[in-house]
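Read through the structure below, which is laid out as structure tokens, and then see the notes.
Keep in mind that what you see is a predicted model, and the values were worked out from it rather than measured. The figures that follow rest on heavy atoms only: side chains count, while hydrogens, waters and symmetry mates do not.
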Amino acid sequence: MIQNDIERILVSEEEIAARCVELAHALETHYKDEKEPVLIVGLLRGSVPFMAELMKRFSFPCEIDFMSVSSYSGSKSTGDVKINKDMDVSCENRPVLIVEDIVDTGRTLKAVKHLFFHRGAKDVKIVSLLDKPDRRVVDIEADYVGFTIPNEFVVGYGLDYDQKYRNLPYIGVLKREIYE
């Protein structure tokens, strides 16, 4: 059972659901006067549960797409950001909302945000379920954050270690012996 690998629950399923309602309300306020459908771009794979929970509360017109972007090899950030899967639609002259599972070093998000502006996006906002500011190595912040967390190895609700634990309905701290 993968639950046995969790040291403790950091953010419960109920806390995530409640915070998604609050974030959706803030995003509704931001996009209320937008004429164009907002392009919501989930960064695969970790953002999927958060994106699904969040966007089902939106009443503004939106379109979704996905990108797979990485600066990690295993559990280590390499500093080299690469696009593994690009979007299928154009972001030119459109508002873009990037949905991320966690802002860690910030390298990936900074590169993706720059890329959207380079491709002609009208506006680019970032919403992230988690923010881990102690690990930041580049100057970038999410516009909307679910939870700010300490520098611990977390999994669940889309976040993984070696492609496991994404299906946990909460954010948990992984036992050190699992990843060391």
Please test Arg166 against Arg45 for side chain to side chain contact (heavy atoms under 4.5 Å, CB included), starting from the C-alpha separation and ending with a verdict. CA-CA 9 Å; Arg166 291 187 194 276; Arg45 301 181 181 120; 3.7 Å; yes
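- For the pair Leu115/Ile83, a side-chain contact is recorded, criterion being any heavy-atom separation below 4.5 Å from C-beta on.
- In this structure, CD1 in Ile40 is found 15.0 Å from NZ in Lys125, a value given to the nearest 0.5 Å.
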Let me see the working for Arg57 and Leu23 under side chain to side chain contact (heavy atoms under 4.5 Å, CB included), right down to the final yes or no. CA-CA 10 Å; Arg57 293 169 166 75; Leu23 289 169; over 6 Å; no
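- Atom NZ of Lys82 sits in a sparse spot, with 12 or fewer heavy atoms from other residues, nucleotides or ligands closer than 6.0 Å.
- Among residues at least two apart or in separate chains, there is no ring pair (Phe, Tyr, Trp, His ring centres under 6.0 Å) pair with a member in residues 96-148.
- Considering only heavy atoms from C-beta on, Met67 stays 4.5 Å or farther from Asn84 through its side chain.
- Asp5 meets the salt bridge (charged side-chain N to carboxylate O under 4.0 Å, His left out) test with no other residue; sequence neighbours excluded.
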Can you give each donor-acceptor pair under 3.5 Å made by side-chain atoms of residues 94-103, sequence neighbours left out, with the distance rounded to 0.1 Å?
unit_1: Arg94; atom_1: NH1; unit_2: Glu63; atom_2: OE1; d: 3.0
unit_1: Arg94; atom_1: NH2; unit_2: Pro37; atom_2: O; d: 3.2
unit_1: Arg94; atom_1: NH2; unit_2: Glu63; atom_2: OE1; d: 3.0

Side chain to side chain contact (heavy atoms under 4.5 Å, CB included) for Tyr165 and Leu159? Distances and angles first, verdict last. CA-CA 7 Å; Tyr165 310 103; Leu159 287 95; over 6 Å; no
With a 3.5 Å cut-off and sequence neighbours excluded, list the donor-acceptor pairs that the side chains of residues 148-155 form with protein atoms.
unit_1: Glu152; atom_1: OE1; unit_2: Arg8; atom_2: NH1; d: 3.2
unit_1: Glu152; atom_1: OE1; unit_2: Arg8; atom_2: NH2; d: 3.0
unit_1: Glu152; atom_1: OE2; unit_2: Arg8; atom_2: NH2; d: 2.6

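- Under a hydrophobic-cluster definition in which Ile, Leu, Val, Met, Phe, Trp and Tyr are linked whenever side-chain heavy atoms come within less than 4.5 Å, directly or via other members, Ile140 and Val112 are assigned to the same cluster.
- A continuous path of Ile, Leu, Val, Met, Phe, Trp and Tyr side chains, each step under 4.5 Å between heavy atoms, connects Tyr179 with Leu168, placing both in one hydrophobic cluster.
- A single hydrophobic cluster is not seen to contain both Val173 and Ile178; linkage of ILVMFWY side chains at heavy-atom distances under 4.5 Å, directly or through other members, places them apart.
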Side chain to side chain contact (heavy atoms under 4.5 Å, CB included) between Ile16 and Leu129: does it pass, once the steps are laid out? CA-CA 8 Å; Ile16 293 169; Leu129 177 60; 4.2 Å; yes
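- Side chain of Ser128 to main chain of Asp131: no donor-acceptor pair is present (N/O by atom type, distance under 3.5 Å, no hydrogens or angles).
- Residues Leu109 and Ile126 form a side-chain contact, since some pair of their non-hydrogen atoms from C-beta on lies under 4.5 Å apart.
- In summary, Glu7 and Arg176 do not engage in a salt bridge, as defined by a charged side-chain N under 4.0 Å from a carboxylate O.
- Sorted by first and then second residue, the ring pair (Phe, Tyr, Trp, His ring centres under 6.0 Å) pairs involving residues 13-55 (not counting sequence neighbours) are Tyr31-Phe60.
- Rounding to the nearest 0.5 angstrom, the gap separating the CZ atom in Phe66 from the CE atom in Met87 is 12.0 Å.
- Applying the salt bridge (charged side-chain N to carboxylate O under 4.0 Å, His left out) test to every pair with at least one member in residues 29-40, sequence neighbours left out, gives these pairs: Glu34-Lys122.
- You'll find the side chain of Ile6 reaches within 4.5 Å of the side chain of Tyr170, heavy atoms only.
- With a 4.5 Å cut-off on side-chain heavy atoms, Tyr157 and Asn167 do not count as touching.
- Here the side chains of Ser59 and Glu28 are in contact, with some heavy-atom distance below 4.5 Å.
- The distance from atom NZ of Lys85 to atom CG of Leu43, rounded to the nearest 0.5 Å, is 11.0 Å.
- There is no path of hydrophobic side-chain contacts, each under 4.5 Å, that joins Val38 to Val124.
- Using a 4.5 Å cut-off on side-chain heavy atoms (C-beta onward), Leu39 and Asp65 make contact.
- Using modelled atom types, no side-chain atom of Arg135 and backbone atom of Thr105 make a donor-acceptor pair closer than 3.5 Å.
- At a threshold of 4.0 Å, the pair Asp139-Lys110 does not count as salt-bridged, since none of the basic side-chain nitrogens sits closer than that to a carboxylate oxygen.
- Hydrophobic clustering, with ILVMFWY side chains joined whenever heavy atoms are under 4.5 angstrom apart, keeps Val11 apart from Tyr161.
- Counting only heavy atoms from C-beta outward, the side chains of Asp160 and Gln163 approach each other to under 4.5 Å.
- To the nearest 0.5 Å, atom CD of residue Glu13 and atom CD of residue Glu53 are 8.5 Å apart.
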